[in-house]
Amino acid sequence: MQRVLVANRGEIALRIIRACHEEGLEAVAVYSDADRLSPHVRAADAAVPIGPAPAAESYLHIERLLDAARRTGADAVHPGYGFLAERGEFAEAVAGAGLQFVGPPAQAIRAMGEKTAARRLMAGAGVPIVPGTTEPVEDAEAAVRQADALGYPVMLKAAAGGGGRGMRRANSASEVRELFRQASSEARSAFGDGSLYLEKLIERPRHVEVQILADRYGAVTHVGERECSIQRRHQKLIEEAPSPAVSPALRQAMGEAAMQAARAVGYQSAGTVEFLLAPSGEFYFLEMNTRIQVEHPVTELVYGVDLVRQQLRIAAGQALPFRRPPAPRGHAIECRLTSEDPLQGFLPSTGRVEFLRVPAGPGVRWDGGIEAGTEVSLYYDPLLAKLIVWAETRQEALRRMARALDELIVVGVRTSQPLHRRVLADPEFQSGEYDVSYLERSGARLRETAADPAELELLAVAVALAEATVERPAAAGHAVRAASGARGWLDAARREGLR
């Protein structure tokens, strides 16, 4: 491997490009018309346009991606996450073109991509699964019969999907009948397959996932667990490692189960096995993500392993550098910065990033795909960046993240930053005694106590103008001298008319 085409965009494309350069590899970026000025395009050694802004005409267009690889002499393709990362047909097409796919074999992707087949496979491998069906249910009435046998509440889930799409909770037979068509339609739209299966709902579990690495010589190990229970509609918002709920003994048990899952499908590369951790301490296989995860940085910081570089090395034929799971050191937290307004029901926010100040200092990491001038559109996932911190203890990490969130300034689009600030300050989250229902239970309270978004924007504009000292340098300088904390910034901004 000498030149890697990165078949993705945004922060993960930039992350992969950096890893390529650190491995001594050249990186080729691809971009849609909407992304022609994006940071990942400039960071690469070469960049190829692949079509209009809609993903179906660019980032999901397999032939255009392969043509870009051929035209630039790439000998490998890294899919990142999302888009085509978990499509077996893409892995096959890459291999068929004589290129190295930086990820697992197509058969492993397919084995874990169809959820009922994955459940059957895991049960056969001795990995505990949530009670439920291991075959898709035929229709709503068949679903009702299965749900009656399992006992309510149950979850309707897309057999071909993930990420919360095609998923509904049903508390009664009437709700199963009512929600079956909705879930099936959503699954068909998202994955091209409307098949559903049922699981018994585990009440108030935690979402804990285990990172695994496997090389092409049969070596498999795990790199600890991540806590991913801060979710909205099954979409993760905040992650941390290690999990506050996982003891060393439980870590070993979950790690062994995750490695069994990987061996059962002949896995290679980095992957994640997701579990539901019940209040009783029992855990159940949820799904396997056959790619790099959004939240991989918290594992990297706690375990000292560069997971993306490991992906590249495994694809290049190198053996794992360690066989025994490494021990965790310290604590890491990640906040996903999305272009949504959490104070207005997570309405999407679009526009131009007029000003960006990135946090810095000891133990702070910023994995971002935006900069001042970036246009944020509705074409792609709302994830803009990830803010990650590491410290010796969880309490120190909480304080460090609070400080980093205070330093972060984004002007021009609404972001999830206000919600992250409130969650970090909330006693329930600080205690570590939370579960996947946390935001559902606490969201309204957190929104009510959040700062006025108009005040936050005024503060951001005041700081931006003061730092840039453009147009009115004297007034900006006065604002700097007058400011004393957030209220000082606001007062200075109002006095100087910098709104």
K.L.:
From Thr299 OG1 over to Ile388 CD1, what is the distance, rounded to the nearest 0.5 angstrom?
P.N.:
11.5 Å

K.L.:
Please check if atom OH in Tyr81 has more than 12 non-hydrogen atoms from other residues, nucleotides or ligands closer than 6.0 Å.
P.N.:
yes

K.L.:
For Gln311 and Arg309, which I'm curious about, is there any donor-acceptor pair between the side chains at under 3.5 Å?
P.N.:
no

K.L.:
Give me each pair satisfying ring-ring contact (aromatic ring centres under 6.0 Å, His included) with a member in residues 292-342, each pair once, sequence neighbours excluded.
P.N.:
none

K.L.:
Find out whether Glu428 and Arg441 are in side-chain contact, i.e. whether some heavy atom of one side chain is under 4.5 Å from a heavy atom of the other.
P.N.:
yes

K.L.:
Looking only at side-chain N and O atoms, does Asp45 offer a donor or acceptor that is under 3.5 Å from a partner on His21?
P.N.:
yes

K.L.:
Please check if any side-chain donor atom of Thr338 sits under 3.5 Å from a side-chain acceptor atom of Glu340, or the reverse.
P.N.:
yes

K.L.:
Once rounded to the nearest 0.5 Å, what's the spacing between atom CG of Leu277 and atom OG of Ser243?
P.N.:
7.0 Å

K.L.:
Between Glu392 and Arg329, does any NZ, NE, NH1 or NH2 come within less than 4.0 Å of an OD or OE carboxylate oxygen?
P.N.:
yes

K.L.:
Applying side-chain contact (heavy atoms from CB on, under 4.5 Å), can you list everything that pairs with His207, at least two apart in sequence or on another chain?
P.N.:
Glu209, Cys228, Ser229, Gln231, Lys236, Glu274, Leu286, Val436

K.L.:
Could you tell me whether Arg403 and Glu407 have a side-chain N and a carboxylate O separated by less than 4.0 Å?
P.N.:
yes

K.L.:
What residues, two or more places apart in sequence or in another chain, satisfy side-chain contact (heavy atoms from CB on, under 4.5 Å) together with Ala258?
P.N.:
Val210, Ile212, Val273, Phe275

K.L.:
ring-ring contact (aromatic ring centres under 6.0 Å, His included): which pairs involve residues 380-414, sequence neighbours left out?
P.N.:
Tyr59-Tyr380

K.L.:
With heavy-atom distances below 4.5 Å as the criterion, would you say the side chains of Cys20 and Leu312 are in contact?
P.N.:
yes

K.L.:
Does Ser349 have any side-chain hydrogen bond (donor to acceptor under 3.5 Å, both in side chains) partners at least two apart in sequence or in another chain, and if so, which?
P.N.:
none

K.L.:
What residue pairs, at least two apart or across chains, pass salt bridge (charged side-chain N to carboxylate O under 4.0 Å, His left out) with a residue in residues 237-257?
P.N.:
Glu225-Arg251, Glu239-Arg336, Glu240-Arg394

K.L.:
Is it true that Glu334 and Arg226 have a side-chain N and a carboxylate O under 4.0 angstrom from each other?
P.N.:
no

K.L.:
Report the distance from atom CD1 of Ile12 to atom CG of Leu383, rounding to the nearest 0.5 Å.
P.N.:
9.5 Å

K.L.:
Does a salt bridge link Arg313 with Asp306, judged by any charged N lying under 4.0 Å from a carboxylate O?
P.N.:
no

K.L.:
Has Arg206 got its NZ or CZ under 6.0 Å from the middle of the six-membered ring of Tyr434, at an angle within 45 degrees of the ring axis?
P.N.:
yes

